[in-house]
**Student:** 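Here's a structure for you.
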Number of protein chains: 2
Amino acid sequence: MKTEIEELLRKKEIKITANRILILELLLNTPHSLSIATIEKALPWADRATIFRTLKTFEKKALLHAVKDDDKPIKYAICSDACEVNYHKIHPHFHCDTCGNTFCLYDYDFRLPKLPDNYTADKYSLVINGICSNCQKHNI
Amino acid sequence: MKTEIEELLRKKEIKITANRILILELLLNTPHSLSIATIEKALPWADRATIFRTLKTFEKKALLHAVKDDDKPIKYAICSDACEVNYHKIHPHFHCDTCGNTFCLYDYDFRLPKLPDNYTADKYSLVINGICSNCQKHNI
DNA sequence: TACGATTTGCAATTAGATTGCATTTGGTTT
DNA sequence: AAACCAAATGCAATCTAATTGCAAATCGTA
C-alpha cells in the first residue's frame with residue numbers, strides 16, 4: 001500500500017513526505033470526500049496548516065479536487081482516472097442528507113444542455129442531494 | 001414599483017419594513033444573484049446583520065434562494081415563478097468566470113439521471129461555469 | 001558533511017457567517 | 001390617538017473556516 005501511494009505521488013511529481021503519504025492514504029481509504037477538520041481528527045498529530053497546504057498541493061497537481069456541497073467546510077476527494085480525464089469538465093457528486101457524506105459519481109450519463117444565446121460553457125458542477133445506500137439500509 | 005414590492009411581501013406573509021422593501025427592490029432590479037457584501041455596498045446605511053436576517057427571512061418564505069457557486073460569499077437571488085414551483089428540486093445557475101456574476105437559468109431541459117443502486121435523490125443543484133453573453137460582447 | 005530549497009509547525013490574521021441583547025418600529029387594540 | 005406586544009433593527013461580539021508569515025526542521029543533492 002505504502003509503495004503504491006509513493007508511486008502515485010512520484011507520478012504526480014509531488015515530493016514524498018510522511019505527512020503527504022498519510023493524508024493521501026486516508027483519502028484513498030475513504031469512500032467519501034473529507035474536510036480539513038475531519039482529516040485533522042483522523043490524524044491528530046497533523047497540523048491544520050500542513051493539511052491545508054498539502055491539500056492545496058494535491059489539488060494543484062490534480063491528485064484531488066475540491067467538493068463543494070451545501071455543507072460549510074469544503075471537502076476534498078481523490079481524483080479517479082475518470083476524474084483526471086474530465087477534471088475541468090465534469091464534477092458530479094452525491095451528497096447524503098442523512099450521514100452528510102459526499103460521494104463522487106463517475107459512472108454518469110449527463111448531457112450538457114443548451115444555454116441561452118451567446119452563453120458559452122466551460123465546465124459544470126452537479127451536486128445531487130438524497131440518501132445514500134448505506135443510510136437507506138439503516139432506515140429500514 | 002414600491003406598491004408591487006409591498007404586494008409581493010404581503011403575498012409571502014412577510015411584514016413590510018423599509019429595509020425589506022429596499023433590499024427586495026435591489027434584488028428584483030439586479031439580473032444576477034447578490035452577496036451580503038454586495039448588498040451592503042449598494043445600501044451603505046443598512047446593517048450587515050439586518051441584511052443577513054432579511055435574506056434568511058426571504059429564503060424561509062421562498063422569496064429567494066441561496067446560490068452557491070465556486071466563489072466564496074454565498075449569493076442570493078429572487079425566486080421566479082418557475083423557481084417557486086420547483087424550488088426544492090431544480091437549481092440551475094450560470095456562473096460567468098469573467099464578471100463573476102451568477103445568473104439563474106429557468107428555461108432548462110434537465111433530466112435527473114440514474115443513480116447507483118439504492119441511492120435516492122431528493123433535489124439537485126447544477127452550476128454551469130462559462131462566459132455570459134454580456135462579457136462575450138466585451139471580449140470581441 | 002555542507003548547502004539550498006522545500007516543507008512543517010506554531011501563532012496570528014482574515015473573511016464570512018452568525019448571534020445576544022437592548023432599543024426601535026410596525027401593526028393592532030383599546 | 002395612546003398604549004401595547006411582538007417582531008425587526010443596530011451594534012458589538014462571537015464563531016467557524018480559510019489563509020498567511022516566519023522561523024525551525026527536513027530532504028535531496030553537491
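Protein chains get the first letters and strands the later ones, always in sequence-line order, with residue 1 at the start of each. The shown structure was predicted, so the numbers you read here are calculated from the model rather than taken from an experiment.
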**Student:** Measuring from the side chain of B/P73 (C-beta onward, heavy atoms only), which nucleotide among D/dT9, D/dT19, C/dA17 has the closest atom?
**Tutor:** C/dA17
**Student:** Taking the six-membered ring where the residue is Trp, are the ring centres of B/H93 and B/H32 under 6.0 Å apart?
**Tutor:**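 No.
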**Student:** Rounded to whole Å, how long is the line connecting atom CD1 of A/I74 with atom C1' of C/dG16?
**Tutor:**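 Atom-to-atom, A/I74 to C/dG16, this comes out as 12 Å.
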**Student:** For A/N19 and C/dG9, is the shortest distance between a side-chain N/O and OP1 or OP2 below 4.0 Å?
**Tutor:**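 For C/dG9, OP1 or OP2 has a side-chain N or O of A/N19 closer than 4.0 Å.
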**Student:** Without decimals, in angstroms, what is the distance between A/I51 CD1 and D/dT20 C1'?
**Tutor:**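 That distance rounds to 16 Å.
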**Student:** Figure out the CG/P separation between B/D47 and D/dA13, and round it to whole Å.
**Tutor:**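 Taking atom P of D/dA13 as the reference, CG of B/D47 is at 14 Å.
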**Student:** Checking only heavy atoms, does the side chain of B/R20 share a donor-acceptor pair with the base of C/dG26 at less than 3.5 Å?
**Tutor:**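 Answer is no: no donor-acceptor pair is held.
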**Student:** Nearest whole angstrom, please: distance from the P of C/dG27 to the CD1 of B/I14.
**Tutor:**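 Computing the B/I14:CD1 to C/dG27:P distance gives 14 Å.
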**Student:** Taking the side chain as everything from C-beta on, heavy atoms only, tell me whether A/L126 gets closer than 4.5 Å to B/Y124.
**Tutor:**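 In contact.
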**Student:** Specify the separation, in whole Å, of atom CG of A/D70 and atom C1' of D/dA17.
**Tutor:** 17 Å
**Student:** Please name all residues satisfying ring pair (Phe, Tyr, Trp, His ring centres under 6.0 Å) with A/F58, sequence neighbours left out, ordered by chain then number.
**Tutor:** none
**Student:** With heavy atoms under 4.0 Å as the rule, sort A/I16 into base, sugar-phosphate or nothing.
**Tutor:** nothing
**Student:** Does A/Y76 or B/W45 map to a spot on DNA chain D nearer the 5' end, using the closest nucleotide for each?
**Tutor:**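 Between the two, 5'-proximity favours B/W45.
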**Student:** Return no unless some side-chain N or O of B/T50 is found under 4.0 Å from OP1 or OP2 of D/dA8.
**Tutor:**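 For D/dA8, neither OP1 nor OP2 has a side-chain N or O of B/T50 closer than 4.0 Å.
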**Student:** Rounded to whole angstroms, how far apart are CD on B/E40 and P on D/dT9?
**Tutor:**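 The answer, rounded to whole Å, is 15 Å.
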**Student:** Looking at CD of A/E7 and NZ of A/K12, how far apart are the two atoms once the value is rounded to the nearest 0.5 Å?
**Tutor:**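 Separation between the atoms: 12.5 Å.
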**Student:** Taking atom types as they are modelled, is there a donor-acceptor pair under 3.5 Å from the base of C/dG16 to the side chain of B/R48?
**Tutor:**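 There is none.
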**Student:** Heavy atoms from C-beta onward define the side chain here; which of C/dG9, D/dA18, C/dT18 lies closest to that of B/F52?
**Tutor:** C/dT18
**Student:** Find which nucleotide of DNA chain D each of B/A18 and A/A37 is nearest to by heavy atoms, and output the residue with the more 5' nucleotide.
**Tutor:**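 In this pair, the answer is B/A18.
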**Student:** State whether a side-chain donor-acceptor pair under 3.5 Å links A/D71 with A/H95.
**Tutor:**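 Yes, side-chain donor-acceptor contact under 3.5 Å.
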**Student:** Quick one: is D/dT19 close enough that its OP1 or OP2 comes under 4.0 Å of any side-chain N or O from A/K56?
**Tutor:** yes
**Student:** Separation of A/I21 atom CD1 from C/dT7 atom P, in whole Å?
**Tutor:**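 Computing the A/I21:CD1 to C/dT7:P distance gives 14 Å.
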**Student:** Name the closest nucleotide to the A/R53 side chain, picking from D/dC11, C/dA17, D/dC22.
**Tutor:** D/dC22
**Student:** When the nearest nucleotide of DNA chain C is assigned to B/K15 and to A/T57 on a heavy-atom basis, which residue is associated with the more 5' position?
**Tutor:**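 By nearest-heavy-atom nucleotide position, the 5'-most residue is A/T57.
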**Student:** Thinking salt bridges, do A/K123 and B/D97 make one under a 4.0 Å N-O criterion?
**Tutor:** no
**Student:** Calculate the interatomic distance between B/D69 atom CG and C/dG16 atom P; express it in whole Å.
**Tutor:**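 So the CG-P distance, B/D69 to C/dG16, works out to 13 Å.
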**Student:** Using a cut-off of strictly less than 4.0 Å, decide whether A/T54 has a side-chain nitrogen or oxygen near OP1 or OP2 of C/dT7.
**Tutor:** no
